[in-house]
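Data block below; observations after.
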Amino acid sequence: MFAVSPKQKRYFLLLWMVLFGFFTLLFLKFYKLQVVDYSTWTKKADAQHFISIRQPFQRGKIYARTRMNNCMLAVEVPVSHLYADPKSIPAENRKEIVASILRMLSPTLTEAKKLKREITRTSRSRRLVSWIEEEQKRTFLSWWRQYAREERLPSNALFFIQDYRRVHPNGRLMGQVLHTVQERKDENTLRSFPTGGLELSLNRYLEGKLGLKRMARSPRHLIEMQEILEHVQNGSDIELTIDPVVQAIAEEELEKSALLYKAKSAWAVLIEPKTGHIIALAQYPFFNPDEYKRFFIRPELAQESKVKAITDTNEPGSPTKAITLALALKANAICKSQGKKPIFDPFEKINTSKGNFPGRRKAITDVHFHKCLNMYMGTQKSSNIYMATLAGRFTNALGDQWYRNELTNSFGFGQKTGIELPGESSGVVPLPGKLHPNGRAEWSKATPYSLAMGYNLQTTSLQMARAFCVFASGGYLPTPTLIRRVIQNDKVVLDTSTKTFPRVLDEEIVATVVRALKFVTKPGGSAVRADIAGFTEVGKTGTSMKLVGGAYSDKRHYASFVGFAPASNPRFVLLVGLDEPAPGYVPGRGLNHMGGTCAAPTFRNIAARTLEYLGVRPDDPFGYPKGDPRSDLSKADWMAETEALQKLYDKWNGKKES
């Protein structure tokens, strides 16, 4: 038997220990590779065989209802971006591939330069061409699949990633309200950058959640082999209160008027008085969201992308007189409840021959001279002196702070309406006791008289339209809204149809103001051009001089008309504003810049077409112009009252107004 010496035993032990150590190290190495560094090596392996792609979501649709169906205003259409795996493309094929891309996909000059650089990168994923339409994509894929087979290239060396582009099927319709999103997206999140409008203010609803998918790189497999890691969640859909047909009517009439009266710009607001739903928010010049780059390159064009009815403030002028009447009547009711004598009587004969008021160095004047007026005449003739007299009486009785509180709390001036658009101005109402930066008091002794005729305060057109909703709704102050519903995955997550609003005026006061305003559009009134044939209407003109360099300009005006129809059951409140219509006298028309000349007929045209579209039956069947076979002024609405008022006016003033 073979004997093992002690020395050999030591060698065997040493060998065994060496082998054991080796296998131990090998085991530890495998453990490190497969357990400790598993994630690291898995990622490296996946990077060689797979590519993870963020899947873009579709922004929510923005749509509105007509009387017949839904109308899409902003939607997403599928487009694609062409990507390359440059490492999979041999150098000898690159020139031919680039030429084919240029020929079939027609990239921009910038993209073409970028394409030639990107296809030579040492990368596995580079974007070559963006925003490719489906037809172009199909044409290119037909060529590429055949070319890749012939050249024995991986079919996924070039591949498309789907994306979405924002489009507006109705072009410029509602452009300022809608806006759009930029084509350029955030490189990391793939989220869009809104340019303004509803796209910006409702971005939290319209945005969705990105998806994530993993796609195979192997040359033996098509790129379509993929695994969904995170599902896409599309954005919520927004249903607007806007009626696109009414919006189109308003835009068309505004364009006509702006060109006819040579106005710098024009806008209109139509609101349902009982719900606060805005059914049209139109503006001229137009803004086409699909051409946003052209507008934002030039500052003067960028101004046209604003919704001026909510961003621009003006001294409103005479529409405020309806509010002055309401507050005088409210002051009467307060005095009566306190056992005091009323401040005035609507039928009271008030001397308006002189316009001297405390605190004013310059007397207040009227467009036409009047010796005496009552409330109905003062409204019909739009008398500054009469309204200032009323304001003086109720501020003496109840105080300056009461007056301001009523303007802000009951009619919403000096504060934002809360409309779902960016850039809304709150306007300005002077505050008793507060000083301007120059040390002068915001509210002086003369302030109530200026406020009574629509000066010394700044309001937006939406604020004024909202204020007239108080008269159209029977005394309620609504919250204007553009949003009817927000829908996510067929589930309504927001509905504005159930809102309730505060009562700010008693029905009796509202009815009295409405009766007074009905004289405005009848013979002898300041806005006969606003009379809607076959319908009753209520409204008030406005013509205010604009401040230029700290002084009022007699060549730059803001002209407006705000009213509603029909008078007894209003379907909408409509405000029309024209910014800086050309000043001066036009034969056959009169003073071109006056609200009764330019804004009143624009109101009439929009209102008449809207009532016809809505299917509202005429409520003044005899109230048509002379020469129309349906006309019978002896039976027309409010004509008997107008004739009686005219006789009394003639008696008090000695002769008819010239």
Side-chain angles (χ1 to χ4, degrees), residues 56-79 163-183 191-192 194-209 232-252 268-272 275-283 286-292 305 307 309-310 419-422 479-499 571-572 610 613-615:
F57 54 80
Q58 290 190 56
R59 284 179 73 81
K61 297 186 289 291
I62 300 178
Y63 67 97
R65 293 181 181 179
T66 67
R67 293 184 65 200
M68 303 297 294
N69 51 32
N70 287 340
C71 174
M72 292 299 166
L73 298 168
V75 296
E76 302 275 90
V77 296
V79 291
D163 201 350
Y164 300 95
R165 170 183 275 164
R166 203 67 162 166
V167 298
H168 304 83
N170 291 279
R172 69 190 186 190
L173 187 76
M174 279 183 67
Q176 290 92 348
V177 175
L178 294 173
H179 268 253
T180 188
V181 292
Q182 299 180 37
E183 286 188 354
R191 283 177 163 79
S192 303
T195 61
L198 290 176
E199 293 282 3
L200 177 60
S201 59
L202 299 180
N203 195 47
R204 66 188 185 280
Y205 292 118
L206 293 167
E207 271 197 340
K209 183 179 178 182
V232 172
Q233 181 179 313
N234 293 326
S236 301
D237 295 337
I238 310 292
E239 181 185 340
L240 302 184
T241 60
I242 295 286
D243 187 311
V245 175
V246 178
Q247 178 77 18
I249 290 171
E251 290 186 6
E252 183 179 325
V269 183
L270 285 93
I271 309 180
E272 290 180 348
T275 64
H277 287 178
I278 296 177
I279 57 176
L281 186 53
Q283 184 172 309
F286 305 120
F287 167 69
N288 190 336
D290 290 331
E291 300 175 3
Y292 74 91
S305 71
V307 182
I310 71 162
I419 189 68
E420 304 92 344
L421 284 171
T479 300
T481 181
L482 285 160
I483 310 306
R484 189 184 302 275
R485 297 190 305 169
V486 177
I487 303 167
Q488 174 65 55
N489 296 329
D490 297 325
K491 180 181 178 182
V492 177
V493 296
L494 178 67
D495 191 330
T496 64
S497 61
T498 58
K499 286 186 177 180
R571 293 296 299 270
F572 53 79
T610 299
Y613 161 70
L614 294 176

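Model, not experiment: these values are computed from the prediction. Hydrogens, waters and symmetry mates are skipped; everything else that's a heavy atom, side chains included, is used.
Summarising the geometry, atom CD1 belonging to Ile419 is positioned 7.0 Å from atom CD1 belonging to Ile310; distances are rounded to the nearest 0.5 Å. Distance check, rounded to the nearest 0.5 Å: OG1 of Thr66 to CG of Asp243 gives 6.5 Å. Residue Leu281 holds its CG atom at 9.0 Å from OG1 of Thr241, rounded to the nearest 0.5 Å. Rounding to the nearest 0.5 angstrom, the gap separating the NZ atom in Lys209 from the CZ atom in Arg191 is 9.5 Å. Taken from CD1 in Ile483 to NE2 in His277, the straight-line distance is 9.5 Å, to the nearest 0.5 Å. Atom CG of Leu178 sits about 7.0 Å away from atom CD of Glu199, to the nearest 0.5 Å.
Residues Leu198 and Tyr205 form no side-chain contact, since every pair of their non-hydrogen atoms from C-beta on lies 4.5 Å or further apart. Between Leu614 and Arg571 there is a side-chain heavy-atom pair separated by less than 4.5 Å. Side-chain atoms of Val177 and Ile242, non-hydrogen and from C-beta on, never get closer than 4.5 Å to each other. Residues Tyr292 and Glu183 have side chains in contact (heavy-atom distance under 4.5 Å, counting atoms from C-beta outward). Contact of the Glu207 side chain with the Phe57 side chain is registered, since non-hydrogen atoms from C-beta on lie closer than 4.5 Å. Inter-residue side-chain proximity for Arg166 and Ser192 is flagged as unmet; no heavy-atom pair is nearer than 4.5 Å. Side-chain contact between Tyr164 and Val181 is absent, with no heavy atoms from C-beta onward closer than 4.5 Å. Between Leu206 and Ile62, the closest side-chain pair of non-hydrogen atoms falls below 4.5 Å.
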Quiz: residues 169-176 side-chain donor-acceptor pairs under 3.5 angstrom, not counting sequence neighbours:
residue : atom : partner : partner atom : Å
Asn170  : ND2  : Met72   : O            : 2.9
Gln176  : NE2  : Pro285  : O            : 2.9
Gln176  : NE2  : Glu304  : O            : 3.0

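In Lys499, the NZ atom is crowded: over 12 heavy atoms of neighbouring residues, nucleotides or ligands sit closer than 6.0 Å.
A donor-acceptor contact shorter than 3.5 Å is absent between the side chain of Thr481 and the backbone of Gly276. No donor-acceptor distance shorter than 3.5 angstrom exists from the side chain of Asn489 to the backbone of Lys491, with no hydrogens or angles considered. Listed for the Asn234 side chain is a donor-acceptor partner under 3.5 Å among the backbone atoms of Gln58. Listed for the Arg485 side chain is no donor-acceptor partner under 3.5 Å among the backbone atoms of Val492.
Between Val232 and Pro56 the shortest heavy-atom distance is CG1-O, 3.9 Å. Counting all heavy atoms, side chain and backbone alike, Arg65 lies closest to Asn70 at CG-OD1, 3.2 Å. Residues Arg59 and Pro194 share a closest heavy-atom pair of NH2-CG, 4.5 Å. For the pair Val493 and Gln488, the tightest heavy-atom approach, listed with the atom from each and the gap, is CG1-CB, 4.1 Å. In terms of heavy-atom proximity, His168 sits nearest to Pro289 at CE1-CB, 3.7 Å. What you find for Gly196 and His179 is that their closest heavy atoms are O-CB, 3.0 Å.
With sequence neighbours left out, the side-chain hydrogen bond (donor to acceptor under 3.5 Å, both in side chains) criterion links Asp237 to Lys61.
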Check: Do Tyr63 and Glu239 pass the side-chain contact (heavy atoms from CB on, under 4.5 Å) test, and can you show the C-alpha distance, the side-chain angles, and the key distance before you say yes or no?
Finding: CA-CA 5 Å; Tyr63 67 97; Glu239 181 185 340; 3.5 Å; yes

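Glu420 pairs in a side-chain contact (heavy atoms from CB on, under 4.5 Å) with only one of the listed residues (Leu240, Leu482, Ile238), which is Leu482.
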